[in-house]
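Here the structure is a predicted model, which is why all the values come from computation and not from measurement.
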Amino acid sequence: MHLTDVVERQDGLVTRQQALTAGMSEGAIRHAIRPGGPWQRVSRGLYATFTGRLTPRQRLQAALLHAGPGSALSGADACRAHGLRYVPAQGPITVLVPNDRQPGSLRGLWIIRVRRMPRVRLISGLPVVDPARAVLDACRVMTSLRDVRALVGEAVQRGVSTPELLVAELQRSARRGRRLTSRAVADVQAGCRSAPECELNDLLARSRVLPEPRRNAPLPDVAGVVPDFWWADARLIVEVDSREFHQLGTAPEATQRRHARLAASGWVVLPISPRRIRDDPAGVLRDIEAAYLASLLRAS
């Protein structure tokens, strides 16, 4: 393959071995990367055939080339490739490599050696691990439970992954950084689908009034409606009222029609905003307990 084809396929990057295989001499490479030359060194044995800063995509490509054949993106960048939004804005590029590989370190790159590579697919020409592994590796560098819950919940809510796949991957992964991730995965197993839902679930568990609610389960008598939390005995529904974290409909009118259907079937809907869950948890719990007791009285 001609050097120009290799460079074009790799976003302007080339390894020393590729350049030699394509017919360049050692002297030609040294001349290209000389001070003021047309190339620049990215890392040992890896060059950019241009000068100036690398683009975000070129940084990903450089990380993969540095890690070597068989490597794949994981963590936050892989999550973005799968269409997830609640990922860290800053942090290292995470790359998985087979356990028998030992690439050198590189600033801004976190290399994870694994005995068994997860499933990999090309997304926009770059090898990316499956969503479950990508999510867990991204969570390993997070320090906020809320952020971890947001990413894990988004992956499940959007259908990118499932609680079962996350549990299986968690059991295979290293123990480092698992505490928050394990809790978030347990939350989605229990039925929570967003960080505010998880926080509300924690709040409900503190109540001495409320029995265990159903979570993200279909109602028995209103087809196609799956509320966040509901109690059949009181015919009470509590929903986290936020389109950012949990879509309730494609438009306000759709949500209104949905609530009208529920009211016609005798269900009381209590919407709670994520901000109020954070800012006034005690007041939220009092309101839900009062609504439950009043609804229970009406239903009896």
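Contact check on E239 versus R258 returns a salt bridge, with a Lys/Arg side-chain nitrogen under 4.0 Å from an Asp/Glu carboxylate oxygen. Salt-bridge formation is not detected for the pair E289/R286: no Lys NZ or Arg NE/NH1/NH2 atom is positioned less than 4.0 Å from an Asp or Glu carboxylate oxygen. Contact check on D279 versus R276 returns no salt bridge, with no Lys/Arg side-chain nitrogen under 4.0 Å from an Asp/Glu carboxylate oxygen.
Inter-residue side-chain proximity for I112 and V95 is flagged as unmet; no heavy-atom pair is nearer than 4.5 Å. A heavy-atom distance below 4.5 Å is not found between the side chains of Y47 and T15. A heavy-atom distance below 4.5 Å is not found between the side chains of V114 and V97. Annotation: side chain of D77 is in contact with side chain of R80 (closest heavy-atom distance under 4.5 Å). Between R275 and S273, the closest side-chain pair of non-hydrogen atoms falls below 4.5 Å. With contacts defined as side-chain heavy-atom distances shorter than 4.5 Å, the pair V152/D187 does not qualify. Side-chain atoms of I33 and Q40, non-hydrogen and from C-beta on, never get closer than 4.5 Å to each other. Between T51 and W39, every side-chain heavy-atom pair lies at or beyond the 4.5 Å cut-off.
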Does D202 form a salt bridge (charged side-chain N to carboxylate O under 4.0 Å, His left out) with R206? I'd like the steps, not just the answer.
CA-CA 7 Å; D202 292 344; R206 290 160 40 187; over 6 Å; no
Please lay out, stage by stage, how M24 and H31 fare under the test side chain to side chain contact (heavy atoms under 4.5 Å, CB included).
CA-CA 11 Å; M24 285 189 74; H31 184 74; over 6 Å; no
After noting the C-alpha distance and the side-chain angles of I111 and S105, does the key distance pass the side chain to side chain contact (heavy atoms under 4.5 Å, CB included) rule?
CA-CA 8 Å; I111 294 177; S105 61; over 6 Å; no
Just do the side chain to side chain contact (heavy atoms under 4.5 Å, CB included) check on V7 and L13 with the steps written out, would you?
CA-CA 6 Å; V7 169; L13 300 167; over 6 Å; no
Checking side chain to side chain contact (heavy atoms under 4.5 Å, CB included) for the pair L96/D137: CA distance, chi angles, key distance, verdict?
CA-CA 10 Å; L96 267 56; D137 283 339; 3.4 Å; yes
Taking it one step at a time, do E199 and R278 satisfy salt bridge (charged side-chain N to carboxylate O under 4.0 Å, His left out)?
CA-CA 8 Å; E199 291 166 0; R278 294 194 304 270; 5.5 Å; no
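Side-chain N/O atoms of D11 and Q58 include no donor and acceptor closer than 3.5 Å. Checked by atom type, the side-chain pair S194/Q157 shows no donor-acceptor distance below 3.5 Å. Counting only N and O atoms by type, the side chains of R178 and T181 include no donor and acceptor under 3.5 Å apart. A donor-acceptor contact closer than 3.5 angstrom links the side chains of Q10 and Q18. Judged by distance alone, the side chains of D221 and W267 do bring a donor and an acceptor atom under 3.5 Å apart.
No continuous path of ILVMFWY side-chain contacts below 4.5 Å connects L170 to L165, so the two sit in separate hydrophobic clusters. Hydrophobic clustering, with ILVMFWY side chains joined whenever heavy atoms are under 4.5 angstrom apart, groups L136 together with V188. The cluster map of Ile, Leu, Val, Met, Phe, Trp and Tyr, joined by side-chain heavy atoms under 4.5 Å apart, puts V42 and V6 in different clusters. Clustering ILVMFWY residues whenever any of their side-chain heavy atoms sit less than 4.5 angstrom apart, transitively, puts L296 in a cluster other than the one holding L219. In the hydrophobic clustering of ILVMFWY residues, with side-chain heavy atoms under 4.5 Å counting as a link, V225 and V240 come out apart.
Around the CD atom of E8, the shell of radius 6.0 Å holds no more than 12 heavy atoms that belong to other residues, nucleotides or ligands. No more than 12 heavy atoms of other residues, nucleotides or ligands sit less than 6.0 Å from atom CZ of R119. Heavy-atom neighbours of R121 CZ from other residues, nucleotides or ligands within 6.0 Å: at or below the threshold of 12.
Considering M142, E154, R183, R193 in turn, R183 is the only one that fulfils the side-chain contact (heavy atoms from CB on, under 4.5 Å) rule with R149.
Contact between V156 and P163 at its shortest, heavy atoms only, is CG1-CD, 3.9 Å. Shown here for V87 and C79, the closest heavy-atom pair between the two residues is CG1-CB, 3.4 Å. Shown here for A19 and V14, the closest heavy-atom pair between the two residues is N-CG2, 4.0 Å. Of all heavy-atom pairs spanning P131 and S161, the tightest one is CB-CB, 4.4 Å. Residues L203 and P281 share a closest heavy-atom pair of CD2-O, 3.3 Å. Taking each heavy atom of A134 and V129 in turn, the nearest pair found is N-CG2, 3.8 Å.
Distance check, rounded to the nearest 0.5 Å: CG of L20 to OG of S25 gives 8.0 Å. The line from NE2 of H82 to CG of L73 is 9.5 Å long, rounded to the nearest 0.5 Å. Atom CZ of residue R298 and atom CZ of residue R235 lie 12.0 Å apart, to the nearest 0.5 angstrom. Interatomic distance, L180 CG to T143 OG1, rounded to the nearest 0.5 Å: 8.0 Å. Atom CG in L200 sits 5.0 Å away from atom CD1 in I288 (nearest 0.5 Å). From L60, atom CG reaches atom CG of L65 across 11.0 Å, with rounding to the nearest 0.5 Å.
For R113 (side chain) and N99 (main-chain N/O), a donor-acceptor pair under 3.5 Å exists by modelled atom type. H66 contributes no side-chain N or O that, together with a main-chain N or O of G45, makes up a donor-acceptor pair within less than 3.5 Å. No side-chain donor-acceptor contact under 3.5 Å links W230 to the backbone of P213. Not a single donor-acceptor pair under 3.5 Å links the side chain of D241 to the backbone N or O of I272. Using a distance-only test at 3.5 Å, with no hydrogens or angles considered, no donor-acceptor pair links the side chain of S295 to the main chain of Y292.
Evaluation of the salt bridge (charged side-chain N to carboxylate O under 4.0 Å, His left out) test over residues 26-38, restricted to residues two or more places apart or in two chains, returns R16-E26.
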